[in-house]
Amino acid sequence: MHKKIKNIIAVTLIIGAFSCILPANSFIPGNIEAYASTYKSASEGELSSLTIRRSTGSEIELLDSYYGDEVSLSAKKDYYVELTGADGFEISADVKGSGYVIKQFTSADKKEKGEDVGEYIKIDSSSENIYLRTYKNDDAYKEAYDDDDVTDCEKTYVIHVKKPAINSEEEEDTDHAYLKSMYLSDGDIDFSKSKYSYDVNADENVKEIIIRATPEDDNDLVEINGQSVEEDNNYEKTVSLDKGKNTIEVYVENNDDKETYTFDVFRGKLSASTTSSTQTSTSSTVNNNNNNLVVQSDIKKFNVWQSVDGKWKYIDGTGEVLKDKWWFDKNTGKDYYLNEDGYRATGWLYINNNWYYFSENGEMKTGWISLDGNWYYLNKSGVMHTGWLQDSGGKWYYLDFDGKIINK
């Protein structure tokens, strides 16, 4: 029997002895969840979505109290999180109502300058409160800030953060739940124990794949898609593959830590050079404005860019052209938007009540840009800014309804 399971059984017996005085909260090791939360009944000025993500990329669940139960976003304004495995996090949120904005604050100080949601928040103490405040527009926020009272807002949400205190000596003794190695019988990956998300291409004819997930410590619990794998079987599991995208999750847990590695396996990759009685196709890499794009000359190839009449489309893992969606290309490190006919968007584009700007080669732009003698500011998510904006040097600028700066 797996050593970790023996420990779990022993602990279960002890807990059972005290069940008369302890709350009956159930815990299932390896139960993997996504913690992004939405609130469909939000009123104007209320948050309609909220996601908190560690610096490692994994999401943090919202709780109703420290060590409490997981909850979803609602009309409630206080939420609790436990930060483990990272020194901070990023918040992603949306507010109900046209023109409304969200600012994040690291203290209750009424004079604190707010940051745009999405800026990294480092947690230095064992417990801190992070405040999310909504305003009718940028002008409302600026007026509140100039009046030294940023609490003059529509709604205030408090994220109560608890971070286990670990000194350097304890950190050295912490037994992290890492994988030592990861093997797939088809498809190549550049595995690193501290990277938790991977895209893998598998041949179209591969209907199942062998996964071998070896932990650093043989006592760690390892699960592949929710099923435990044992040392005696080399931590292996055979997973069936459908055509297109297949998500495989590897969960690792010990007494100190738990982590989840995610592998998106796309069944449908053909070799770079394939010849058959019906078609011949080749793979190449082109330099597109200093960005390397992996390109196929045949539209039946998967997970590649296609040049059609001088414009670019992307063929996904099922062989379909991506349409009406965002796409992040890991080869270029850039974001693109594929419009309704599948071509990369260029120039200005209005998406979900926000304006974005894409260069001639389709890259989403951020920061200050100058077009036709006018300056615009696009935040880190690419959204065009309107209203008041304060730069890192403390200088204020005003950008009109069209995003054009008035006093730069």
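For Tyr261 (side chain) and Leu179 (main-chain N/O), a donor-acceptor pair under 3.5 Å exists by modelled atom type. The main-chain N or O of Ile123 is found under 3.5 Å from a side-chain atom of Lys163 such that the two form a donor-acceptor pair. In terms of modelled atom types and a separation under 3.5 Å, the side chain of Arg133 and the main chain of Cys153 share no donor-acceptor contact. Without hydrogens or angle criteria, Asp257 side chain to Ala177 main chain gives a donor-acceptor distance under 3.5 Å. Of the possible donor and acceptor atoms, one in the side chain of Lys380 sits under 3.5 Å from a partner among the backbone N and O of Gly118. Remark: the backbone N or O of Lys155 is paired with a side-chain donor or acceptor of Thr134 at under 3.5 angstrom. Side chain of Ser74 to main chain of Lys76: a donor-acceptor pair is present (N/O by atom type, distance under 3.5 Å, no hydrogens or angles). The closest donor-acceptor contact from the side chain of Asp186 to the backbone of Asp203 lies under 3.5 Å. The main-chain N or O of Lys334 is never found under 3.5 Å from a side-chain atom of Asp329 such that the two would form a donor-acceptor pair. At least one donor-acceptor pair under 3.5 Å links the side chain of Gln104 to the backbone N or O of Glu119.
Checked against Thr247 for a side chain to side chain donor-acceptor pair (under 3.5 Å), the options Asp264, Thr262, Asn225 give a single hit: Asp264. Tested against Thr106 for a side chain to side chain donor-acceptor pair (under 3.5 Å), the candidates Lys122, Glu128, Glu112 yield a single pass: Glu112.
Under a 4.0 Å N-O distance rule, the pair Glu46/Lys77 qualifies as a salt bridge. A salt bridge is absent between Asp341 and Lys323; no separation between the charged side-chain nitrogens and carboxylate oxygens falls under 4.0 Å. The pair Asp138-Lys142 does not meet the salt-bridge criterion, since no charged nitrogen lies less than 4.0 angstrom from a carboxylate oxygen. Between Arg212 and Glu236 there is a salt bridge, since a side-chain N of the basic residue sits under 4.0 Å from a carboxylate O of the acidic one.
For the pair His385 and Asn379, the minimum side-chain heavy-atom distance is 4.5 Å or more. Within the 4.5 Å cutoff, the side chain of Lys180 has no heavy atoms near those of the Tyr178 side chain. Taking the side chain as every heavy atom from C-beta outward, Leu378 and Tyr356 never approach each other to under 4.5 Å. Asn374 is listed as a side-chain neighbour of Tyr376, based on a closest heavy-atom distance under 4.5 Å. Within the 4.5 Å cutoff, the side chain of Leu50 has no heavy atoms near those of the Tyr157 side chain. At a threshold of 4.5 Å between non-hydrogen side-chain atoms, the residues Tyr80 and Lys162 do not count as touching. Side-chain contact between Thr84 and Arg54 is present, with at least one heavy-atom pair separated by less than 4.5 Å.
At most 12 non-hydrogen atoms from other residues, nucleotides or ligands lie less than 6.0 angstrom from CD of Glu143. Atom NZ of Lys207 sits in a sparse spot, with 12 or fewer heavy atoms from other residues, nucleotides or ligands closer than 6.0 Å. Atom CG of Asn352 has 12 or fewer neighbouring heavy atoms from other residues, nucleotides or ligands inside a 6.0 Å radius. Within 6.0 Å of CZ in Phe401 there are 12 or fewer heavy atoms belonging to other residues, nucleotides or ligands. Other residues, nucleotides and ligands contribute only 12 or fewer heavy atoms inside 6.0 Å of the NZ atom of Lys111. Heavy-atom neighbours of Lys325 NZ from other residues, nucleotides or ligands within 6.0 Å: at or below the threshold of 12.
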* To do: Mind running side-chain contact (heavy atoms from CB on, under 4.5 Å) on Leu73 and Leu47 for me, showing each step along the way?
  => CA-CA 8 Å; Leu73 181 65; Leu47 295 185; 4.1 Å; yes
* To do: Would you sort out whether Leu184 and Ile248 count as a side-chain contact (heavy atoms from CB on, under 4.5 Å), showing the intermediate values?
  => CA-CA 11 Å; Leu184 290 80; Ile248 300 173; 5.7 Å; no
* Any chance you could lay out the side-chain contact (heavy atoms from CB on, under 4.5 Å) test for Tyr100 and Asn137, step after step, and finish with the verdict? => CA-CA 5 Å; Tyr100 280 79; Asn137 48 47; over 6 Å; no
* Test salt bridge (Lys or Arg N to Asp or Glu O under 4.0 Å) on Glu59 and Arg53 and set out the steps. => CA-CA 4 Å; Glu59 293 178 8; Arg53 193 182 299 274; 3.0 Å; yes
* **CA sep, side-chain torsions, deciding dist, call: Tyr251, Glu253, side chain to side chain donor-acceptor pair (under 3.5 Å)** => CA-CA 7 Å; Tyr251 176 83; Glu253 180 193 353; 3.2 Å; yes
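In this view, Lys193 and Glu216 satisfy the salt bridge (Lys or Arg N to Asp or Glu O under 4.0 Å) rule, not counting sequence neighbours. Glu115 pairs by the salt bridge (Lys or Arg N to Asp or Glu O under 4.0 Å) definition with nothing, not counting sequence neighbours.
Within the cation-pi definition used here (under 6.0 Å to the ring centroid, within 45° of the axis), Arg344 does not qualify as a partner of Phe358.
Across all non-hydrogen atoms, the minimal contact from Tyr336 to Gly362 is CD2-O, 3.1 Å.
A perpendicular orientation is assigned to the rings of Trp348 and Trp355, their planes being inclined by more than 60° (bins at 30° and 60°). Using the six-membered ring where Trp is involved, Phe263 and Tyr198 have ring planes that are parallel, under 30° apart on the 30 and 60° scheme. Using bins of under 30°, 30° to 60° and over 60° for the plane-to-plane angle, the ring pair Tyr135/Tyr141 lands in the perpendicular bin.
Atom CG of Leu389 sits about 7.5 Å away from atom CH2 of Trp396, to the nearest 0.5 Å. Distance check: Asn254 CG to Glu259 CD gives 9.5 Å after rounding to the nearest 0.5 Å. Atoms CD and CD1, on Glu90 and Ile60 in that order, are 11.0 Å from each other to the nearest 0.5 Å. A distance of 12.5 Å separates CG of Asp116 from CD1 of Ile91, quoted to the nearest 0.5 Å. Ile159 contributes atom CD1, which lies 12.5 Å from atom CG of Leu83 (distance to the nearest 0.5 angstrom).
In this structure, Trp388 has its ring center at least 6.0 angstrom away from the ring center of Tyr377.
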